[in-house]
Peer 1: 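Below is a structure I'd like to ask you about.
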Amino acid sequence: MRLAKCLVPTLREEPADAEALSHRLMLRAGLVRQLAAGVYVYLPIGYRLLERINVIIRQEMNAIGGQEILMPVLHPAEIWKQSGRWEGIPEMFKLRDRWGRDMVLGMTHEEVVAWLAAREIRSYRDLPQIWYQIQTKERDEARPRSGILRTREFLMKDSYTLDPDVAALDRSYAAHEAAYRRIFERCGLRFHVAQSDPGMMGGLGAHEFLAPCAAGEDEIVLCAGCGYAANVEIARGVPAAPPSPSGAARGDVATPGARTIAEVSALLGIDPRLTIKSLLYVTGGGEPVLALVRGDQGLHERKLARALGEDVRPAHPDEVRQHLGAPPGSMGPVGASVRILADEHLREGVYVVGANREGYHTLGVTPDRDFPCRFVDLHAVVAGEACVQCGRPLAVEKVIEIGNIFKLGTKYATALGAMYLDESGTERPIVMGSYGIGPARIAAAAIEQNADADGIVWPASIAPFPVHIVVVSLRDAAQVAAAEEVYAACQRAGLDVLLDDRDERPGVKFKDADLLGMPVRVTVGNALARDGVVEIKERRAPRKEHRVPLDAAVSTIRSLDVLAGAS
RNA sequence: CGGGGUGUGGCGCAGCCUGGUAGCGCACCUGCUUUGGGAGCAGGGGGCCGGAGGUUCAAAUCCUCUCACCCCGACCA
C-alpha cells in the first residue's frame, strides 16, 4: 500500500476528546474516526488491523472444529420473548418494522442459535456442533467510553457449542478455553484467565480473559502463590485481622458530628477495622436491606445483588430515616427491623456500629449475638488481602475484558425448543455454551500494552503491515527506484508492506512511521548513494540498525526475530 | 440515571467576565527556497461562533430552553 494515495490521516496534536492511550493513538495514527458516541468508522489501516486479528481467530476456531456462519443483526422480537430476554435488558435496541412488528438489533445470538438448532438438530448423531461468526453487535450502552473499548456497535467473534450433555459441554468449553489462550498468545497479549460472574447469561460457569492495562475498566484479583485469579465481582479474599478490641462493654457513646467511619474512629481513637460500616439498600421489590462490611472495607454491590438474587440500589437518606429512624451517618444493625446481611469476615469480633440515634454509636457489638444476620461474602477485595486458597497476599490489577466463555446449560434450548433424541430415543434439550471475543478490544489492549512515547508498537502477528518503507527524498531518483525495488521484493516474498512515497520532509515521515508502529522500518536515504545500503530497524528496538545492500533487504527482514511467527 | 466539563474554519485553542468589523498555531492552495526526526519566506481560500427563542440600536459574548460530545460514578450478556 502506498501512503501518498491512501486515507491515513495522522494527527500531530492530541485529540481533545480522547483520554485512554489506545484511543489517542488510534485517532492520531489515523486508524479510526468517531461518528457518534460509541460509534466508529474504521479507516484503511484500522480495518486491516481488525482483519489481521480475525485471521488468527478464524484459524484457531477452525482448528477446534468451528464452522463459520453469519447470522443477522436484525431479529424478530419473538425469539427474545421466548427466551425471556425481551424485557429487562436496557441495552437492547428495539424497533418496529413498517407493519408495527417488534424487532431487535442483535446484541448477542443465543436466541438465533437455539432457533436454528431447534430446526436443524434432530439426533445425538448431529452433536456436538461449534458454530461461530464474526459479526456486528449492537448494544445501547449507558456510557460508551475509552474510544473503541466500550462502544454501542462493535465487531464480535461469537461462538456457540451444542452438546448432548454437561460432560460433553465441559469438553467443548475446555476446547474453547485452549483456543482462546492460543488466540491471545498469538496476538502478543499478556492476559489472565479468571472466574467470572455469569450475570444475566445465566448458566453453569464462566471465565473471562483479561488483559492488564491502564485503561482497563475491570479489576482482577490475582494470587502469585497459587495462581488464583478472579474478577473482583466474585473474588474472595481474607482481610487482615483487626487489632484486639478494647473489650469495652456494650453501650452507646455520643459521637456528635461524626458521620463517616474516618470521623467516628478518629473521634473514638480506635482503628477503623474495629468498626462496622452499615449501608442500606433497596431491592428491586422495594424491600430495604442492611448490608454490613468492616469499617475499612468497601461493599461490592454485585456481590450483594447476587446474595439477594435481585438488583439493589442504595437507599436515599430519607429512606434510611424512615426504616432505621436515624440519618445515614448514625444507622446501624442493632434493633433494626430490616433484613441484615453481613460480610462473612464479621463472624468474629467486637465492633462499633451506628446506634440508629442521631449523633450516637454503640460500642461492644458482636454480629449474630447482638442482632440477627446472614453472613455472606460482600466486601470488595483490595490488594494485600490473603488468598483464600494459599494465604499469600493478593494483588489487584486493572484489566480489559478481551474474551469470555459461558456454560449456558439448557436455558435457551428449552425456551426455543432445541431438542434432540438420545441413543434411547428420549427427547432431551441441547446443552449450550457461548463464547465471545472482541477483536477491537484485542487491538486496543495490544496498543495499551506495547506503546511508547513515540506511538504504537505492534506485535508483528497483528501489525497492519509488517514492513514500512520510508523514502527519505522523492527528488532522488535512485532512492525512489531502490524503494520501489524493495517494495516489489517484499510483495513477492509475501510480506505486506507500506510504502511512504509522500513528498514530505523526512522528519514527517519518521514521526508518522513511529506513530503507526509497524514492526520493521526500511529507510531508503542518503546511505544508498554513500554506502550502497538501506537501513533496517525494528520499531521496538530503534537503536539496532541493519545496514544492508538492496538485494539483501528482504532476506534481512525475514531473518529478524520480531517477524518470527508472523504470517 | 446522578455529578462535572466542553461546543468558535479540517485539528488544537484564544476571544465571552466588562455586548460594538471573528482571531492565533497547525493543516490546506499558489510561488520561491529547503530536504535524515513534525522547514522558511511571501501570497491566498475556508467559520450562519452546536441549535432555537429572548433581551438590546447591536449578541460568539447576557438570559431561557434544547442538542451533541467528553470525564467520574451507577450499569454492563
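Naming convention: chains lettered A, B, ... in sequence-line order (proteins, then strands); numbering from 1 in each chain.
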Peer 1: Can you list every pair that meets side-chain hydrogen bond (donor to acceptor under 3.5 Å, both in side chains) and has a residue in residues 11-20 of chain A, with sequence neighbours left out?
Peer 2: A/E14-A/R24
Peer 1: For residues 510-524 of chain A, tabulate all N or O donor-acceptor pairs below 3.5 Å that involve a side-chain atom, not counting sequence neighbours.
Peer 2:
residue	atom	partner	partner atom	Å
A/D512	OD1	A/T10	OG1	3.1
A/D512	OD2	A/T10	OG1	3.2
A/D512	OD2	A/R502	NH1	3.2
A/D512	OD2	A/R502	NH2	3.0
A/D514	OD1	A/R521	NH2	2.4

Peer 1: Taking only heavy atoms on the protein side, list every residue of residues 149-161 of chain A lying under 4.0 Å from any atom of RNA chain B, sorted numerically.
Peer 2: A/R150
Peer 1: B/C69, B/A39, B/C71: which one has an atom nearest the side-chain heavy atoms of A/R145?
Peer 2: B/C71
Peer 1: Applying side chain to side chain donor-acceptor pair (under 3.5 Å), can you list everything that pairs with A/D343, at least two apart in sequence or on another chain?
Peer 2: A/H345, A/H379
Peer 1: For the side chain of A/R302, counting heavy atoms from C-beta on, which of B/C71, B/C76, B/G36 is nearest?
Peer 2: B/C76
Peer 1: Report the residues that fulfil side-chain contact (heavy atoms from CB on, under 4.5 Å) with A/E153, sequence neighbours left out, ordered by chain and then residue number.
Peer 2: A/T136, A/E138
Peer 1: How would you list, by chain and number, every residue that makes a salt bridge (Lys or Arg N to Asp or Glu O under 4.0 Å) with A/E177, sequence neighbours excluded?
Peer 2: A/R181
Peer 1: In terms of side-chain heavy atoms of A/V472, which of B/C71, B/G36, B/A74 is nearest?
Peer 2: B/G36
Peer 1: Side chain of A/Q34, heavy atoms from C-beta onward: which of B/G37, B/C69, B/G73 has the nearest atom to it?
Peer 2: B/C69
Peer 1: Check RNA chain B against residues 129-136 of chain A and give the residues with a non-hydrogen atom under 4.0 Å, in numerical order.
Peer 2: none
Peer 1: Side chain of A/D512, heavy atoms from C-beta onward: which of B/G37, B/G38, B/A74 has the nearest atom to it?
Peer 2: B/G38
Peer 1: Can you tell which of B/C26, B/C75, B/C72 lies closest to the side chain of A/R12?
Peer 2: B/C26
Peer 1: Give the ring-plane orientation class for A/W80 versus A/H75, where under 30° counts as parallel, over 60° as perpendicular and anything between as tilted.
Peer 2: parallel
Peer 1: My understanding is that only residues two or more places apart in sequence, or in another chain, count here; which of them pass ring-ring contact (aromatic ring centres under 6.0 Å, His included) with A/Y487?
Peer 2: none
Peer 1: Quick one: list whatever passes salt bridge (Lys or Arg N to Asp or Glu O under 4.0 Å) with A/D170, sequence neighbours left out.
Peer 2: A/K407
Peer 1: Once salt bridge (Lys or Arg N to Asp or Glu O under 4.0 Å) is applied, do any residues pair with A/R539, and if so which ones, sequence neighbours excluded?
Peer 2: A/D452
Peer 1: Give me the distances for all protein-to-nucleotides 7-15 of chain B N/O pairs that come in under 3.5 Å?
Peer 2:
residue	atom	partner	partner atom	Å
B/G12	OP1	A/A16	N	3.3
B/G12	O2'	A/E13	OE1	3.3

Peer 1: Verify, without hydrogens or angle tests, whether A/E219 (side chain) and A/V232 (backbone) share a donor-acceptor contact under 3.5 angstrom.
Peer 2: no
Peer 1: Name all residues meeting the salt bridge (Lys or Arg N to Asp or Glu O under 4.0 Å) criterion together with A/R547; count only those two or more places apart in sequence or in a different chain, and write none if there are none.
Peer 2: A/D531
